[in-house]
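The structure under discussion appears below in the form of structure tokens.
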Amino acid sequence: MAETEIHLQAAAPFDFWSTLQAHGWVDLLPNEYHPESNSFSRIEQLASGKVVRMGVSAEQGDEIIPLNVLVNHGGRLSSKDRSEIEDVVRHMLRLDEDLSEFYRLCRQNGFPWSQMKPGKGRLLRSPGLFEDMVKVICTTNVQWGGTRRMVRELVEQFGEPLPLYPELKAFPRAQTIAALTFDEFQSRVRLGYRAAYIYQLARVFGEKSNCYAQFFNQQTPTEEIKKELLAIKGIGNYAAASILMLLGRYDEIPVDSVFQQLMRQKYFHQEDFDLKEALAVYENWGRWKYLAYWFDLLTFHQAAEDEGTSV
DNA sequence: TTCCAGGGGTAGA
DNA sequence: TCTACCCATGGA
């Protein structure tokens, strides 16, 4: 396969490692984390239909952090392809997000947030909304191992293969799933009751790939996006909060078993609690609640790990 | 075997 | 708005 290097720059502060590790997305196909080189790779199907493998790594830097993207591809990589790959990396790593207000609040709010080094707090996302929405639905009411299995089966069954390495596949396009009958889709991937939700979502995106373009418009109020998300079958409060986070809006907390466990262990002395009281813990974080909660969770787990106790 | 997981839909109050 | 019940699937 041909190989092309693409160079990008992230403006400081930017912490590549914590962006990859902040939540589990780097472990869901077609992403793959490579601990030995602290890099990740991804099989991506470009708009032209061409399937490529991209390996992304970062170097050290003070004001500018150089990012290297090694692209393996068949044939020639057009300038349009290159520019699309740059956009994919930029979007996945959220290079255009400004978290300076969040960092300022972290300094004001004391421990543990005062430990939050600028450059952290970015959470990896997928290049496209369809993939992120499907993956969020695959996290509902299932353990993480189940999420990984469901996503893996989706990629293996319906993803477009990389030339010469057909075992490596891109995330399926919505149109590919929408072209199947529901019975066939359901029989090829064990998604449980989520199959109907994901199939319906694929039909909506398959019909019009930018069906939720307004979600990316900064002028659209978060409340409006949340309302539209909740109208989608399979997406409730937890999934809507998670998708909002992936859209770069941190106003909502995803209430799930992880959140409830943290509340019981850290704030409510191992006892049951009122949800409103629990959510009030992060009330003064305004539009940064999700990040405040998530960093609280990560540092709590880290502290338990350092002490040798499990949570 | 039973329980439940990075929940959500629906019906009925 | 709140609650009870059901929903596939697989790991613990």
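Letters go in sequence order (proteins before strands), and every chain restarts at 1. None of the values given here were measured: they were computed from a predicted structure. Side chains included, hydrogens not; waters and symmetry mates left out as well; all remaining heavy atoms used.
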Exercise. Is it true that A:L70 and A:L46 fall in one hydrophobic cluster, defined by side-chain heavy atoms closer than 4.5 Å?
Worked result: no

The side chain of [X] is closest to which nucleotide in this list: [options]?
X	options	value
A:T140	C:dT9, B:dG7, B:dT10	B:dG7
A:Q143	C:dT9, B:dG9, C:dG11	C:dG11
A:Y238	B:dG9, B:dG8, C:dA12	B:dG8
A:R149	B:dG6, B:dG8, C:dT9	C:dT9

Tell me whether the OP1 or OP2 atom of [N] has a side-chain N or O from [X] closer than 4.0 Å.
X	N	answer
A:K135	B:dG6	no
A:R194	B:dG8	no
A:T139	B:dG7	no

How far does the [atom1] atom of [N] sit from the matching atom of [M], given to the nearest Å?
N	M	atom1	value
B:dC4	B:dG8	C1'	15 Å
B:dA5	C:dC7	C1'	14 Å
B:dT2	B:dG6	P	22 Å
B:dG9	C:dG10	P	22 Å

Starting at atom [atom1] of [X], determine the distance to atom [atom2] of [N], rounded to an integer number of angstrom.
X	N	atom1	atom2	result
A:L191	B:dA5	CG	P	20 Å
A:N237	B:dG9	CG	C1'	13 Å
A:L275	B:dG7	CG	P	13 Å
A:L230	B:dT10	CG	C1'	15 Å
A:R125	B:dG6	CZ	C1'	20 Å
A:M133	B:dG7	CE	C1'	16 Å
A:I243	B:dG8	CD1	P	9 Å
A:I198	B:dG7	CD1	P	15 Å

Using a 4.0 Å heavy-atom cut-off, does [X] contact any base of the nucleic acid, only the sugar-phosphate backbone, or nothing at all?
X	value
A:A195	nothing
A:I235	sugar-phosphate
A:I232	sugar-phosphate

For this session: For A:R188, enumerate each residue passing the salt bridge (charged side-chain N to carboxylate O under 4.0 Å, His left out) test, keeping only those at least two apart in sequence or located in another chain.
Result: A:E184

Exercise. Going by atom types only, do A:N72 and A:Y165 share a side-chain donor-acceptor pair under 3.5 Å?
Worked result: no

Exercise. Between A:S100 and A:D98, is any side-chain donor less than 3.5 angstrom from a side-chain acceptor?
Worked result: yes

Exercise. Taking protein heavy atoms under 4.0 Å as touching, what does nucleotides 2-7 of chain C look like 5' to 3' if B marks base contact, S marks sugar-phosphate-only contact and - marks none?
Worked result: -----B

For this session: Evaluate the criterion side-chain hydrogen bond (donor to acceptor under 3.5 Å, both in side chains) for residue pair A:E228 and A:Q214; output intermediate values, then yes/no.
Result: CA-CA 10 Å; A:E228 284 197 55; A:Q214 72 275 21; 3.0 Å; yes

Exercise. Please, which pairs that meet salt bridge (Lys or Arg N to Asp or Glu O under 4.0 Å) have at least one residue in residues 206-225 of chain A, sequence neighbours excluded?
Worked result: none

Problem set entry | Residue whose closest nucleotide on DNA chain B lies nearer the 5' end, A:V258 versus A:G234 | A:V258

Problem set entry | Within 6.0 angstrom of A:E63 CD, more than 12 heavy atoms from elsewhere | no

Exercise. Crowded around A:W144 CH2? As in, over 12 foreign heavy atoms under 6.0 Å?
Worked result: yes

Exercise. So, do A:W144 and B:dG6 meet the stacking rule of ring centres under 5.5 Å and planes under 30°?
Worked result: yes

Exercise. Can you list the steps and then say if A:W294 with A:W288 is a ring pair (Phe, Tyr, Trp, His ring centres under 6.0 Å)?
Worked result: CA-CA 10 Å; A:W294 198 253; A:W288 302 103; over 10 Å; no

